[in-house]
Number of protein chains: 2
Amino acid sequence: MKKKNDGAIGSTMLEVAGRAGVSAMTVSRVLRNPQVVSAATRIKVRKAIEELDYVPDQAAGALSSGRSGFIACIVPSLDNSNFAETVRGISEELSNTALQLLLGYTNYSVHSEENLVRTMLQRRPEAIILTGGDHTDRTRRLLELCEAPVIQMWDTPAKPLEHVVGFSNADACGDLVVRLHECGYRNPGFIGGTTNRDTRGTDRREGFITATKALGLPADRIISSGIPPISMQEGAHALVQMLERWPDTDAVVCVSDLSAFGAITECRRRGWSVPERVAIAGFGDFEIAANNKPSISTVYVNSFGLGESVGRIVKQAIASSNQGNKLAPQFVTTEYRVVLRESTAS
Amino acid sequence: MKKKNDGAIGSTMLEVAGRAGVSAMTVSRVLRNPQVVSAATRIKVRKAIEELDYVPDQAAGALSSGRSGFIACIVPSLDNSNFAETVRGISEELSNTALQLLLGYTNYSVHSEENLVRTMLQRRPEAIILTGGDHTDRTRRLLELCEAPVIQMWDTPAKPLEHVVGFSNADACGDLVVRLHECGYRNPGFIGGTTNRDTRGTDRREGFITATKALGLPADRIISSGIPPISMQEGAHALVQMLERWPDTDAVVCVSDLSAFGAITECRRRGWSVPERVAIAGFGDFEIAANNKPSISTVYVNSFGLGESVGRIVKQAIASSNQGNKLAPQFVTTEYRVVLRESTAS
DNA sequence: ATTGACAATGTTAACGCTAACACAATAAGC
DNA sequence: GCTTATTGTGTTAGCGTTAACATTGTCAAT
């Protein structure tokens with residue numbers, strides 16, 4: 001029905017079985033459940049596998065067993081320390097299992113996300129990990145139909161699809177504002193992107209507004225500049241706009257450490273001292289935050305640990321499903337912590 | 001033979017066919033080759049697909065057709081602008097095909113790479129993309145056995161496995177040294193990691209040595225510090241060591257922009273002006289290079305374009321193989337360019 | 001009318017693996 | 001010695017799709 005070896009590897013399980021003088025099923029057992037096979041047979045089979053350089057075909061295995069071995073994981077961007085760390089956390093946690101990550105990135109577009117989900121569902125993932133709580137209706141429909149556990153991460157959606165591992169970006173940013181207020185800052189501003197594509201960024205802005213209002217501070221000093229995730233350059237640009245429009249701004253909260261770095265660097269170019277002329281804070285505690293001069297006040301997020309939690313839930317959910325029941329929806333809140341450094345005065 | 005719906009989606013192609021009043025084969029044709037089906041039937045089938053929320057099972061399709069639709073892509077790290085951009089370039093180039101990236105990262109370990117390759121081969125990828133030219137013997141054996149085209153990128157290995165898309169990291173770093181020499185620097189040093197795990201880093205160091213020797217400059221000012229990829233902090237640390245050991249060093253080439261940034265920041269902390277006290281250059285032209293003050297001299301690499309080239313070769317190789325022949329090994333050299341900025345004086 | 005070409009659909013048989021059951025052969029319990 | 005577990009292995013049937021071929025109907029050219 002098809003030419004042999006369409007980009008495939010040499011031998012099949014049956015050939016291994018033939019060479020070892022056993023049935024294919026025994027070969028399968030040696031690979032997936034070695035302890036039920038006698039030591040002597042196991043050795044024979046392993047030898048045949050070696051000699052033929054046999055590499056099992058997981059597509060066939062998946063079809064037969066109904067288990068793909070895939071975990072779909074969709075993040076906004078790969079080029080972001082935070083998400084990259086989270087992916088590492090997930091992988092690490094799954095490294096002692098036979099589960100494999102099927103990674104995709106959306107470029108912060110829910111429309112891309114929908115396409116990715118559709119594509120990935122064709123691979124029948126055993127769990128689906130999404131970033132954030134903002135999805136198209138069609139995405140939600142697709143996810144409800146498929147029975148795989150769904151985990152939303154990096155956010156705490158009000159109406160979760162199923163499991164959640166994350167933290168409130170709004171609260172975290174609000175905490176930062178409170179700490180700046182404690183330091184004596186009274187006229188804070190916020191710098192973020194122009195659209196609501198980056199929902200975590202939007203949440204941080206909302207958190208800024210809520211906190212400033214609660215503290216009786218001006219809540220309208222918001223510069224939106226650039227498509228999320230906003231760059232260093234856009235941080236620089238936005239800072240200038242901020243100080244032109246509201247010259248008495250004494251502290252600027254940036255949606256991420258990268259834009260905060262851009263803003264600080266712009267100040268240095270213009271000879272404005274940070275934090276004396278203006279304090280600047282970021283979000284995410286990227287490598288650059290601790291290593292810049294002045295070091296950048298920010299919100300530390302345990303990205304790696306977040307990934308580990310996600311991985312644990314994946315394992316639990318699959319274990320439950322193997323026992324015929326379904327893991328009750330989990331809601332895990334992860335650590336964050338305001339870290340004050342040189343870019344804001346205490 | 002197995003419980004229905006093990007995490008799977010509702011309906012099968014046969015059910016769609018039943019509802020549309022056609023055979024399963026016709027449904028398959030509507031999905032993969034719609035133009036051979038009459039308009040009327042096509043509409044009926046599409047309607048049935050919609051109504052049942054049918055999502056094809058690609059594992060079954062792959063098994064039957066011998067085409068997995070996967071492209072394996074292995075990079076050292078996801079958290080690196082350069083590689084992330086390259087992955088974006090590949091994805092973009094493959095976005096108008098039915099091919100899907102199966103991503104993996106090695107953490108700069110050839111041993112991890114071997115495991116990843118083995119795992120990925122079980123999915124029968126139609127092409128395999130690796131970073132660099134350094135692989136274990138077993139990896140090379142596995143890749144030779146499988147008939148899928150192999151592409152090595154980000155390097156120009158002397159003995160390529162098959163296709164290559166990259167540039168000589170040694171030459172690029174050498175060019176940088178030459179340009180620094182033209183600027184009047186006579187005592188350059190190099191900062192990199194302690195091991196040879198990061199072969200691109202090692203090549204850059206070799207390029208530094210070759211170029212300095214050729215120019216009659218000291219070639220032994222090399223500080224190795226930290227496990228690659230070395231951090232900002234290690235860059236800072238290494239710079240201090242460099243100037244303690246060879247105080248008259250007038251220019252330092254760092255293995256990447258991140259370590260260069262760390263080095264520059266350390267200078268600023270210590271009140272050493274850059275480039276007056278010492279010039280510093282990086283590699284990669286990360287966002288930070290243009291946005292720092294002083295902006296960082298570096299080697300620009302077209303990471304995204306490199307990925308696009310890789311994607312094009314993947315498509316060509318698969319097209320050739322569909323026509324029954326094999327694409328002759330390609331060797332594509334990609335663009336790089338020394339960019340001198342404020343961190344070195346002209 | 002008869003032939004041939006072509007277009008649209010159906011039928012059959014895999015693809016490579018594993019769940020479920022069947023069946024020996026051995027060990028344990030009385 | 002006989003039943004009853006237990007262990008190790010084989011047999012069978014299918015997972016959901018698609019390549020290859022078979023079949024039917026339609027229409028133009030003889």
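Naming convention: chains lettered A, B, ... in sequence-line order (proteins, then strands); numbering from 1 in each chain.
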Open item on the list: Do the side chains of B:Lys47 and B:Glu50 get close enough for a salt bridge, i.e. N-O under 4.0 angstrom?
Closed with: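 Salt bridge between B:Lys47 and B:Glu50, a charged N being under 4.0 Å from a carboxylate O: no.
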Open item on the list: Assess whether a salt bridge exists between A:Arg118 and A:Glu114, defined as any Lys/Arg side-chain N lying under 4.0 Å from an Asp/Glu carboxylate O.
Closed with: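 Between A:Glu114 and A:Arg118 there is a salt bridge, with a charged N closer than 4.0 Å to a carboxylate O.
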Expressed in angstrom and rounded to an integer, what is the separation of [X] atom [atom1] from [N] atom [atom2]?
X	N	atom1	atom2	result
B:Leu14	D:dG14	CG	P	14 Å
B:Leu121	C:dG16	CG	C1'	16 Å
A:Leu31	D:dT9	CG	P	15 Å
A:Arg29	D:dT7	CZ	P	14 Å
B:Asn322	D:dA19	CG	P	11 Å
B:Arg124	C:dC17	CZ	C1'	11 Å
B:Gln58	D:dT17	CD	P	11 Å
A:Leu63	D:dT18	CG	C1'	12 Å

Among [options], which nucleotide sits nearest the side chain of [X]?
X	options	answer
B:Pro56	C:dT18, D:dG10, D:dT17	D:dT17
A:Thr41	C:dA8, D:dT18, D:dG8	D:dG8
A:Thr12	C:dA14, D:dT9, C:dC17	C:dC17
A:Ala60	C:dT9, C:dG16, D:dG16	C:dG16
B:Asp57	D:dG8, D:dG10, D:dT17	D:dT17
A:Ser65	D:dT18, D:dT9, C:dT18	C:dT18
B:Arg32	D:dT11, D:dA19, C:dC17	D:dA19

Task: Exam field: side chain B:Asn107 to backbone B:Ser109, donor-acceptor pair closer than 3.5 Å - done: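 No: the side chain of B:Asn107 does not pair with the backbone of B:Ser109.
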Open item on the list: Please find the pair of heavy atoms, one from A:Leu116 and one from A:Gly104, that lie closest to each other, and give the distance.
Closed with: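 Closest approach of A:Leu116 to A:Gly104: CD1-C, 3.8 Å.
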Open item on the list: D:dT18, OP1 or OP2 - any side-chain N/O from B:Ser28 closer than 4.0 Å?
Closed with: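 True: B:Ser28 side-chain N/O within range (under 4.0 Å) of D:dT18 OP1/OP2.
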Task: Partner of B:Trp154 under side-chain hydrogen bond (donor to acceptor under 3.5 Å, both in side chains), chosen from B:Asn82, B:Thr131, B:Thr86 - done: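 Among B:Asn82, B:Thr131, B:Thr86, the one meeting side-chain hydrogen bond (donor to acceptor under 3.5 Å, both in side chains) with B:Trp154 is B:Thr86.
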TODO: Would you classify A:Thr26 as touching base, sugar-phosphate or nothing, given that sugar-phosphate means primed atoms plus P, OP1 and OP2, and contacts are heavy atoms under 4.0 Å?
DONE: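 Sugar-phosphate contact only - A:Thr26 comes under 4.0 Å of backbone atoms but never of a base.
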TODO: Name the nucleic acid region contacted by A:Ser23, choosing base, sugar-phosphate or nothing; use a 4.0 angstrom heavy-atom cut-off, strictly under.
DONE: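 A:Ser23: base contact, heavy atoms under 4.0 Å.
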